[in-house]
Visitor: 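A single structure is presented below for examination.
The sequence lines fix the lettering, A, B, ..., with proteins before strands; numbering per chain opens at 1.
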Amino acid sequence: MRGEGRQMAVISFRRIVIARMIAIGIVFLLVAAGIYGLGLDPGMVGRLVVTSTFGTRFGLENLALYMTPLLLTGAAVWLALRAGLWNIGAEGQFLAGASAAAAIGLSGGANPALAGSPAAFMSSSLTLVLAMTASFLAGALWSALPAAGRAWLGVSEIITTLLMNFIALYMVYALVTGPWADKVTGAQMSSARIEVVLPAFAGAVHCGWPIALLAVAMLALLFRRSRFSYCLALCGSNPEAARYAGIDVGRHVFVTLLLSGGIAGIGGMIEVFGTVHRLQGGLANGYGYLGIVVALLARKSALALVPAALLMAIILNAGIVLQTVQVSASAVLAMTGLLVFAIAVADDYAAWSRSGRAS
Amino acid sequence: MVPLRESIVTLVLALVLHAMAYGSILALAAQGEVLAERAGVVDLGVEGLMALGAVLAVIVADATHSPWAGCLAAAAIGAAGAAAFGCATVILGASQTLCGVALTLLGLGASGVLGHSVAGRPVTATLPQWTLPGLSSGSPIGPVSSQGPMVWIAFLILPLILHVFLFRTAPGLALRAVGEAPASADASGLPVIRIRMLAVSAGGALAGLAGAAMTLSVLPVWSEGMIAGRGWIAVALVILCGYRPVLAALSSLFFGFVMSLGFFGQAQGWPVAPPLMNMSPYVVTILCMIVPSILFPKLRRLWAAPAALGAPYRREER
């Protein structure tokens, strides 16, 4: 028990960093113990993770590819959190965005006769722009019902956004086994290949990576002393006071969740056009849930989403390595859960001063 | 006309059988969550605890050849996971939302790792069927009277016990007091932290048991992702039924019915794509959360959550 503590209004950066370092250290020890418990050598696995992630060009490119969706789902959850809202539905919004983008990509179809000509370039860039817009709208639409419920009826957005994930997943299954099923290769649970692709950025890394970074930068800019960000913070921390100050809390809640869903939806579009080139059942790969961790790690700074996404990308890469030594892919999920647990406790702990002087 | 009528009767009976089996999973988890939330703690980790319970039940039942040992192990892991959650939220006062989501991720992930070796293998040591005394199998509702023990526990025994406990006994009053006004409860000498920890752990045990009911009785095979959001539906049910155990059991039956419609549609060859049928429980849950609050805005006061729900109690802030 904490005894004579006081909760601090503003927590110093140093306290947070120290508490989190300890928390992450404990998580690493627990994971090492778990790996040992499965009959593997933690030291060997650790070396394997480091060399395969940072030692090869392929590993580094993979990091960037993992970072891209994580940055966007992380930004989505982060934005909602600014207004004190929990968007647990980034996974579903991601899939909704991916489906809408795939609809555009599959309907367009590149004309081989035009390959290489300026007309082909024009039509493919038009497809990309359309797909991105559609994915934003679809993601926003996917969060609209939970958003309205929360904004005007007081229905917990945590459960409704989460349930929408399952609906999105089954919708994707219905699409890829039904109307959009791949009839060429007959791949299970997959749509046909989408011919239009995001242009390359560097090596195997596509333009989605800088786009995601740009989105985060724009979010950071939006939250620099803007009126909107102030209203959001007020709605989140004290809705009564916000209402008293003349802020339409319901509308702010609604718009924030819609924007949040839209950002996650763009993540889905980039994943389809940049990395996977198909709509698939396993497309979202847990990015929506990992986005919660990214947002949590970033706390109040949008720019901190970048290192947070990098950390989660490293963990995802570690998951691939673990799979090569016959550990289930869900080990990543377990690690993520432990990490959230530890960070939640660490943040709470850092908010308390033992002396009782700070207030 | 007789054959048609008979086929309809068998169809309805089969549907009820399915609904009770699937509903029992929800009922166990939802009633556990009622306990935790009545004490003022939102445990969003139900989904993860169910997954852990489901996989451990399979492993232990297979190793010991006793389904009851499997149930016990599932309840134990559920209680242990919930106790860990309680340590972080009730004792340390960390965010309940965050730790609940963390527990779900941890439970889903850990169950995947643990169940790697037993995935897809049919469970041999399943729970027996219990036949309700006084109902012969010859009677029209005969087939329904013989079901897995968890069905009877979830729908008959547990609601009764929980209802009497919560609303007719002193410890139950203490538990509700801790959820409504922890400071007053503390002032009148109730151990707030201990009561909350006990309620959360008991709720976790029931969530684990719900997982065991799934793999040892309803669907006797473990596969990753088989819990498929049922834990979250259970959490939603608790809000829908106004934190009342009997209503939680009844609404679980309804949702069991919605879930079994999906299987039925496939079996009967209804012209609806299977994924769309599987979607229905989630759609119905969301509608059930939103529509009543539009239609009956006044109901909210009567159906209100415990006043201190979600807020950590710290004596020094009193």
Visitor: Where is the tightest heavy-atom contact between Ala110(B) and Ala334(A), given as atom of each residue plus distance?
Guide: N-CB, 3.6 Å
Visitor: Distance from Leu92(B) atom CG to Asp348(A) atom CG, nearest 0.5 Å?
Guide: 7.0 Å
Visitor: Pick one of side chain, backbone, both or neither for Ile239(B), based on which atoms fall under 4.5 Å of a heavy atom in chain A.
Guide: side chain
Visitor: For the CZ atom on Phe166(A), are there more than 12 heavy atoms of other groups (residues, nucleotides or ligands in this structure) within a distance under 6.0 Å?
Guide: yes
Visitor: With a 4.5 angstrom heavy-atom cut-off, could you sort out which part of Leu296(A) is near chain B: side chain, backbone, both or neither?
Guide: side chain
Visitor: Looking at chain A, which one of Val283(B), Leu276(B), Thr285(B), Val101(B) has the largest number of heavy-atom pairs inside 4.5 Å, strictly under?
Guide: Val283(B)
Visitor: For residues Ile159(A) and Trp232(B), report the shortest heavy-atom separation together with the two atoms involved.
Guide: CG2-O, 4.1 Å
Visitor: Rounded to the nearest 0.5 Å, how far apart are OG1 of Thr97(B) and CD1 of Ile158(A)?
Guide: 4.0 Å
Visitor: Please classify the contact between Val345(A) and chain B as side chain, backbone, both or neither, with a heavy-atom cut-off of under 4.5 Å.
Guide: both
Visitor: How long is the gap from OG on Ser280(B) to OH on Tyr170(A), to the nearest 0.5 Å?
Guide: 9.5 Å
Visitor: Ile292(A) versus chain B, heavy atoms under 4.5 Å apart: side chain, backbone, both or neither?
Guide: side chain
Visitor: To the closest 0.5 Å, what do you measure between CG (Leu108(B)) and OH (Tyr289(A))?
Guide: 8.5 Å
Visitor: Show, in sequence, the C-alpha distance, side-chain angles and deciding distance for Phe341(A) and Leu98(B), and conclude whether the side chain to side chain contact (heavy atoms under 4.5 Å, CB included) test is met.
Guide: CA-CA 7 Å; Phe341(A) 228 135; Leu98(B) 223 45; over 6 Å; no
Visitor: Given that the side chain runs from C-beta out, which part of Leu162(A) has a heavy atom under 4.5 Å from chain B: side chain, backbone, both or neither?
Guide: side chain
Visitor: Taking every non-hydrogen pair under 4.5 Å, which of Val340(A), Val172(A), Ile167(A) racks up the most with chain B?
Guide: Ile167(A)
Visitor: Under 4.5 Å from any heavy atom of chain B, what part of Met171(A) do you find: side chain, backbone, both or neither?
Guide: both
Visitor: Report the distance from atom CE of Met289(B) to atom OG1 of Thr160(A), rounding to the nearest 0.5 Å.
Guide: 6.0 Å
Visitor: So which part of Leu339(A) gets closer than 4.5 Å to some heavy atom of chain B, the side chain, the backbone, both or neither?
Guide: neither
Visitor: For chain A, find which of Thr104(B), Ile233(B), Val113(B) contributes the most heavy-atom pairs closer than 4.5 angstrom.
Guide: Val113(B)
Visitor: Which atoms of Ile88(A) come close to chain B, meaning under 4.5 Å heavy atom to heavy atom: side chain ones, backbone ones, both, or neither?
Guide: side chain
Visitor: With rounding to the nearest 0.5 Å, note down the distance linking CD1 in Ile343(A) to OG in Ser95(B).
Guide: 13.0 Å
Visitor: Please give me the minimum heavy-atom distance between Gly109(B) and Leu333(A), naming the atom from each residue.
Guide: CA-CB, 3.7 Å
Visitor: Going through the distances and angles, do Ser330(A) and His116(B) end up as a side chain to side chain contact (heavy atoms under 4.5 Å, CB included)?
Guide: CA-CA 9 Å; Ser330(A) 45; His116(B) 203 49; over 6 Å; no
